[in-house]
Structure formats: structure tokens, C-alpha cells
> 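Here it is: the structure, laid out below.
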Amino acid sequence: MPSTHPSSATAAFFDVDNTIIRGASAFHIAKSAYQRKFFGTRDILKFALVQARYLLWGENREEIDQVRDRALSLIAGRSVAEIATLGEEVWDAVLSLRIYPGTRRLLDEHIAAGHQVWLITATPVEIAQLIARRLGATGALGTVAEHKDGFYTGRLRGDLMHGQAKADAIVELAEAQGLDLEDSYAYGDSLNDLPMMRVVGHPCPINPDLRLRRHAQEVGWPIREFRGRSQRAAGRGVRTASWAGAAWVLGLVLRAARRRLRGG
């Protein structure tokens with residue numbers, strides 16, 4: 001996609017979930033969609049469970065694939081405009097409040113230096129582009145859901161923007177934009193971001209999970225922590241966030257049970 005920033009041979013590539021935004025952005029989109037009755041309680045329970053596991057232990061590709069397939073089936077027939085509006089509302093109400101200030105400063109430093117700044121994420125590309133616009137980034141590469149005549153078909157175009165797909169997309173973008181990857185930067189939180197971090201000259205984990213942290217320490221990569229507390233205290237904060245999500249889901253279950261009892 002075209003850049004609106006001055007041309008630069010240096011780029012910075014940022015993962016989104018737990019790198020720029022605390023937690024999984026897709027969960028908050030799903031929560032808002034649930035409140036608008038896009039789908040039922042069983043699906044939001046599944047999404048919430050994946051969110052809690054993600055906060056506690058990091059990404060699980062099998063679960064991500066399952067959520068992806070279910071999410072695609074749920075948006076089939078929905079309009080692109082409807083999802084874009086949903087994304088705007090979720091950004092304003094939730095996601096903008098979950099930005100790590102340290103990552104925001106780092107991103108702004110790259111922009112000030114004249115670097116291209118790209119978000120690389122498994123999040124739907126419409127949401128990724130929205131976040132990029134709001135942060136002043138050059139653009140975003142995300143998962144592309146197929147749509148026809150303005151409505152989603154329930155299928156993907158290409159693969160989930162995840163793992164090796166991120167690295168391949170960066171290499172392709174570098175060729176199209178004339179980027180010098182050896183002089184470029186990549187930031188991610190998960191071992192699944194390792195492929196994209198290996199294709200640049202300046203990889204740097206942000207808030208890394210245990211596996212990425214170990215790898216970074218072994219190869220001598222710098223590590224940035226933007227959670228504002230020691231690793232031990234950060235772990236408590238993550239658990240608190242997970243329990244907060246669990247409490248919200250428990251409330252859903254109790255309300256659904258009360259409705260069934262009244263109906264009986």
C-alpha cells in the first residue's frame with residue numbers, strides 16, 4: 001500500500017498485540033461484536049479463554065487457527081463498512097487506552113527520524129490500518145479477509161499474517177519500497193515473531209514471552225520492557241488482566257443462566 005510519508009530506505013516493523021497494545025486486539029473487537037449481537041455467548045466464551053491463555057502463556061498457533069476460522073464464518077455476509085465502523089468504536093473506547101507508552105515513544109522516534117513505520121499483525125488488515133493511521137505510521141500489513149461487492153465472503157485472501165508469513169510480507173514490501181532490511185528494525189513479543197525479526201539488521205523484542213526472551217538472551221539481542229514494573233510484578237499484572245477478563249465472561253454466563261431460569 002502506498003506510503004504517505006517521505007521515502008526512506010530504513011523501516012521499523014512493529015507487531016501489534018502485546019507489543020503496541022496490551023493483550024489481543026482481536027478479543028476486544030470480538031467483545032464489541034458480541035455486544036452488537038454478531039454472535040452468541042458460546043463464541044465469546046471461546047474468544048475470552050484464548051485471550052486469557054494468551055496473556056498468561058503467549059500465542060498458541062492451533063488456537064489462533066481455530067479462532068480465525070470461526071471468526072471468518074461469523075463475519076460472512078457482513079459489510080466491510082460495518083466492520084470498519086466497529087473498529088473505530090473499539091479503538092476510541094478500548095484500544096487507544098491500552099497502548100504501551102514506551103512503545104508509542106519508540107514508534108514516534110522512528111517517525112521523527114524519517115523512517116517508514118509499518119505494523120505487521122495477524123489482526124484483520126482493516127483494523128491494522130486503522131491503528132496505523134491513528135498512530136501516524138506509514139501503513140499496516142494484516143490478515144486479509146476476502147470481500148466481494150463490499151461484503152465479506154467468509155474466506156481469507158492468502159494466509160494468516162503470522163509467523164513466517166510476516167517475514168515473507170516484509171521481504172516483499174522491502175522489494176517494492178526499496179527498503180534496506182539490514183538497516184531496518186523489527187519489534188515483537190512472541191517467538192512467533194522470530195521469522196520477521198531475523199530478516200532485519202536490528203531485531204528487538206518488546207515485552208517478550210519466555211521463549212523469545214531466552215532466544216534473545218542467547219543471541220545477544222536487546223530487550224525492551226514497557227510494562228512499567230519488574231518482570232515479577234508484570235506477571236501479576238498479566239494475571240490481573242486475565243482474571244478481569246474471566247470475571248466479565250463469568251458475568252455473561254450468570255446472566256445467561258438467569259435468563260434461562262426466568263424463561264423456564
Side-chain angles (χ1 to χ4, degrees), residues 1-5 7-21 24-26 29 54 58-65 67-69 71-72 75 80 83-84 87 103 106-107 110-111 115-147 152-153 155-206 208-209 212 215 221:
M1 59 199 68
S3 168
T4 58
H5 293 255
S7 177
S8 171
T10 301
F13 303 99
F14 286 81
D15 172 51
V16 172
D17 293 345
N18 268 351
T19 302
I20 294 177
I21 292 173
S25 55
I29 299 294
Y54 177 55
E59 294 179 347
N60 179 298
R61 179 57 195 259
E62 183 178 349
E63 284 192 333
I64 288 173
D65 288 344
V67 170
R68 173 205 63 193
D69 292 342
L72 283 169
I75 67 168
V80 175
I83 300 301
T103 307
L106 180 60
L107 187 149
H110 280 291
I111 294 174
H115 300 162
Q116 291 194 26
V117 174
W118 291 84
L119 309 189
I120 312 291
T121 174
T123 296
V125 68
E126 293 85 359
I127 306 302
Q129 290 172 343
L130 164 65
I131 296 172
R133 288 194 302 272
R134 295 301 183 94
L135 294 176
T138 310
L141 302 176
T143 300
V144 180
E146 180 185 79
H147 51 84
Y152 290 105
T153 66
R155 296 185 295 270
L156 283 185
R157 284 177 52 195
D159 195 8
L160 192 73
M161 187 62 69
H162 191 266
Q164 185 59 41
K166 287 187 176 183
D168 295 342
I170 287 174
V171 171
E172 184 177 347
L173 180 68
E175 293 174 354
Q177 298 275 330
L179 300 175
D180 180 356
L181 289 181
E182 188 59 33
D183 195 40
S184 293
Y185 301 75
Y187 303 96
D189 72 293
S190 164
L191 195 67
N192 292 300
D193 293 319
L194 196 56
M196 82 168 187
M197 301 178 80
R198 282 174 167 161
V199 301
V200 301
H202 303 286
C204 178
I206 289 178
D209 64 18
L212 181 58
H215 179 82
W221 288 353

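Bear in mind the structure is a predicted one, so any value in this text is a computation, not a measurement.
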> To the nearest 0.5 Å, how far apart are CG in Leu191 and CE in Met197?
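Between Leu191 CG and Met197 CE, I get 10.0 Å after rounding to 0.5 Å.
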> Working to the nearest 0.5 Å, report the span between CG of Leu212 and CH2 of Trp221.
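Answer rounded to 0.5 Å: 7.0 Å.
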> Which distance, rounded to the nearest 0.5 Å, do you find between the CD1 of Ile20 and the CG of Leu119?
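So the CD1 of Ile20 and the CG of Leu119 are separated by 4.5 Å.
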> Within this structure, what is the OG1-CD1 distance for the pair Thr123 and Ile21, rounded to the nearest 0.5 Å?
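Here the interatomic distance stands at 7.5 Å.
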> Taking only residues two or more places apart in sequence, or in another chain, which ones meet Asp168 in a side chain to side chain donor-acceptor pair (under 3.5 Å)?
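Partners of Asp168 under the side chain to side chain donor-acceptor pair (under 3.5 Å) test: Gln164.
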> Are any non-hydrogen side-chain atoms of Leu141 and Ile120 less than 4.5 angstrom apart?
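SC-SC contact between Leu141 and Ile120 confirmed.
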> Is a side-chain N or O of Thr143 found less than 3.5 angstrom from the main chain of Ala122, in a donor-acceptor match?
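Yes; judged by distance alone, with no hydrogens or angles, the pair exists.
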> For the atom pair OG1 (Thr19) and CG (Asp189), what is the distance rounded to the nearest 0.5 Å?
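That separation rounds to 4.0 Å.
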> How close do Thr121 and Lys166 get, heavy atom to heavy atom, and via which atoms?
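For Thr121 versus Lys166, the nearest heavy atoms are CA-CE, 4.0 Å.
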> Can you tell if the side chain of His215 reaches within under 4.5 Å of the side chain of Pro208, non-hydrogen atoms only?
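In short, these two side chains do not touch, never coming nearer than 4.5 Å.
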> Phe13 versus Leu181: any side-chain heavy-atom pair under 4.5 Å?
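Yes, at least one pair of side-chain atoms sits under 4.5 Å.
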> Just jot down the side-chain contact (heavy atoms from CB on, under 4.5 Å) partners of Arg134, sequence neighbours excluded, or say none.
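For Arg134 the side-chain contact (heavy atoms from CB on, under 4.5 Å) partners, ignoring immediate neighbours, are Glu88, Trp91, Asp92, Leu130.
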> Roughly how far, to the nearest 0.5 Å, is CH2 of Trp118 from CE of Met196?
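Separation between the atoms: 14.0 Å.
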> Of all heavy-atom pairs between Thr138 and Gln116, which one has the smallest distance, and what is that distance?
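Nearest heavy atoms, Thr138 then Gln116: OG1-CA, 3.3 Å.
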> Applying side chain to side chain contact (heavy atoms under 4.5 Å, CB included), run through Asp183 and His202 and close with a yes or a no.
CA-CA 7 Å; Asp183 195 40; His202 303 286; 4.1 Å; yes
> Taking all atoms of both residues into account, what is the closest heavy-atom pair of Leu107 and Leu135, and its distance?
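Where Leu107 meets Leu135 most closely, the heavy atoms are CD2-O, 3.7 Å.
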> Suppose we screen for side-chain contact (heavy atoms from CB on, under 4.5 Å). Which residues come up paired with His110, at least two apart in sequence or across chains?
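Result, side-chain contact (heavy atoms from CB on, under 4.5 Å) vs His110: Ala12, Phe14, Leu106, His115, Val117, Tyr185, Tyr187.
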> How far apart are the closest heavy atoms of Ala167 and Val199, and which atoms are they?
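Of all heavy-atom pairs spanning Ala167 and Val199, the closest is CB-CG1, 4.0 Å.
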> With no hydrogens and no angle check, is any side-chain donor or acceptor of Ser184 less than 3.5 Å from a backbone partner on Ala11?
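Pair found, side chain donor or acceptor close to backbone of Ala11.
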